[in-house]
Amino acid sequence: MGRELKVSSIERGTVIDHIRAGNALKVVRILGIEGSGATVSIVMNVSSGTMGRKDILKVEDRTLSREEVDKIALVAPGATINIIEDFEVVEKHGVELPGEIGTILGCPNEGCVTNSGEPVSPRFTVVGREPVRLRCVYCEEETEDVEENLL
């Protein structure tokens, strides 16, 4: 009989489940929690009945902002956010990749009006979801390198 390694429950915080296998570290970078002192548990490449393989991220004593959830949707569009209080899930919702992305991402085109010092905020339309591909509404530059362009 095989041995099973379990990650302990958290008293309060956030559990991000259903992250595509191999993307948990991208979520950690997006949240800026590496080296922050936060207690973080990362489970990678675990078996999933619906996904085949998945990653799970547990962050103690941390609730995510709407902006952070939107950023997670860019690298883990099928993720589920679970809010934990007193070791119980008190709120659960999926992240959704909207049709248009606003100020959380900068345009990679240096010649874009959004990078020229003008008071114009970046905006992108989603043109692909797997992988995520975005198009700037101003210069029409397309990018899949979402992580590099996060603000």
Side-chain angles (χ1 to χ4, degrees), residues 1-109 112 114 122-137 139-151:
M1 187 183 314
R3 291 176 40 191
E4 188 173 322
L5 178 64
K6 295 185 179 186
V7 176
S8 64
S9 299
I10 60 174
E11 183 175 357
R12 85 180 39 81
T14 303
V15 176
I16 307 165
D17 196 0
H18 302 105
I19 301 169
R20 191 173 39 235
N23 283 353
L25 295 178
K26 290 180 180 180
V27 175
V28 167
R29 280 191 292 276
I30 282 172
L31 296 177
I33 54 180
E34 65 265 350
S36 70
T39 301
V40 178
S41 300
I42 301 171
V43 183
M44 296 181 73
N45 206 30
V46 295
S47 182
S48 167
T50 57
M51 300 176 69
R53 293 287 197 200
K54 68 178 181 178
D55 292 352
I56 303 168
L57 180 66
K58 295 182 177 190
V59 186
E60 291 188 43
D61 298 320
R62 173 89 182 266
T63 303
L64 303 179
S65 69
R66 178 79 247 160
E67 184 175 283
E68 289 173 321
V69 172
D70 289 346
K71 287 180 180 180
I72 291 169
L74 292 170
V75 297
T80 304
I81 308 291
N82 298 285
I83 308 302
I84 311 297
E85 291 291 335
D86 296 321
F87 298 101
E88 299 290 329
V89 176
V90 296
E91 184 182 333
K92 182 176 187 170
H93 56 86
V95 299
E96 292 186 33
L97 188 60
E100 187 170 286
I101 307 292
T103 59
I104 61 172
L105 201 68
C107 183
N109 177 1
C112 182
T114 62
R123 283 188 15 229
F124 297 86
T125 54
V126 176
V127 294
R129 294 184 181 270
E130 196 61 45
V132 173
R133 198 171 74 250
L134 307 171
R135 179 182 301 128
C136 177
V137 298
C139 70
E140 298 190 355
E141 177 88 7
E142 287 193 17
T143 185
E144 289 181 15
D145 198 1
V146 173
E147 212 179 333
E148 275 298 309
N149 296 301
L150 286 171
L151 298 175

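As a basis for the values below, the full set of heavy atoms in this structure was taken, side chains included, without hydrogen atoms, waters or symmetry mates.
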* Interatomic distance, Glu142 atom CD to Cys139 atom SG [nearest 0.5 angstrom] -> 10.0 Å

* Looking at Ile56 and Lys54, what are the two nearest heavy atoms and their distance? -> CD1-CE, 3.9 Å

* Asked: With side chains defined as the heavy atoms from C-beta onward, is the minimum distance between Val27 and Val75 less than 4.5 Å?
  -> yes

* Asked: For Val40 and Ile42, which heavy atoms make the closest approach, and how far apart are they?
  -> CG1-CG1, 4.0 Å

* Side chains of Ile10 and Thr39 in contact at under 4.5 Å (non-hydrogen atoms) -> no

* At what distance, to the nearest 0.5 angstrom, does OG of Ser47 lie from CZ of Arg53? -> 5.0 Å

* **Test item: Arg129 side-chain N/O and Leu97 main-chain N/O as donor-acceptor pair under 3.5 Å** => yes

* Please examine the side chains of Ile16 and Leu64, heavy atoms only from C-beta on, and report whether any two atoms are closer than 4.5 Å. => yes

* Quick one: does Thr125's side chain get under 4.5 Å of Glu100's, heavy atoms only? -> yes

* Asked: How many angstroms lie between atom OG of Ser48 and atom CD1 of Ile19, to the nearest 0.5 angstrom?
  -> 12.0 Å

* **Shortest non-hydrogen separation from Thr143 to Pro108 and the atoms involved** => CB-CG, 4.0 Å

* Structure fact -> When rounded to the nearest 0.5 Å, the distance separating CG of Leu31 from OG of Ser65 is 8.5 Å

* Are the side chain of Asp55 and the backbone N or O of Gly22 linked by a donor-acceptor pair below 3.5 Å? -> yes

* Using modelled atom types only, decide if a donor and an acceptor are shared between the side chain of Asn82 and the backbone of Asp17 within a distance under 3.5 Å. => no

* Structure fact -> Between Ser9 and Phe87 the two heavy atoms that sit nearest each other are CB-CD2, 4.0 Å

* Please round to the nearest 0.5 Å and tell me the distance separating atom CG of Leu134 and atom CZ of Arg123. => 13.5 Å

* How long is the span from the CG atom in Asp70 to the CD atom in Glu96, to the nearest 0.5 Å? -> 10.0 Å

* **His93/Thr80 under side chain to side chain contact (heavy atoms under 4.5 Å, CB included): CA gap, chis, key distance, verdict** => CA-CA 6 Å; His93 56 86; Thr80 304; over 6 Å; no

* To do: Specify the closest pair of heavy atoms between Ala76 and Val95, including all atoms of both residues, with the distance to one decimal.
  => O-CG2, 3.3 Å

* Asked: Do Glu140 and Arg135 sit within salt-bridge range, that is, some charged N less than 4.0 Å from a carboxylate O?
  -> no

* **Any donor-acceptor pair under 3.5 Å from Thr14 side chain to Arg62 backbone** => yes

* Asked: Minimum heavy-atom separation for Ile30 to Lys71, with atom names?
  -> CG2-CB, 3.4 Å

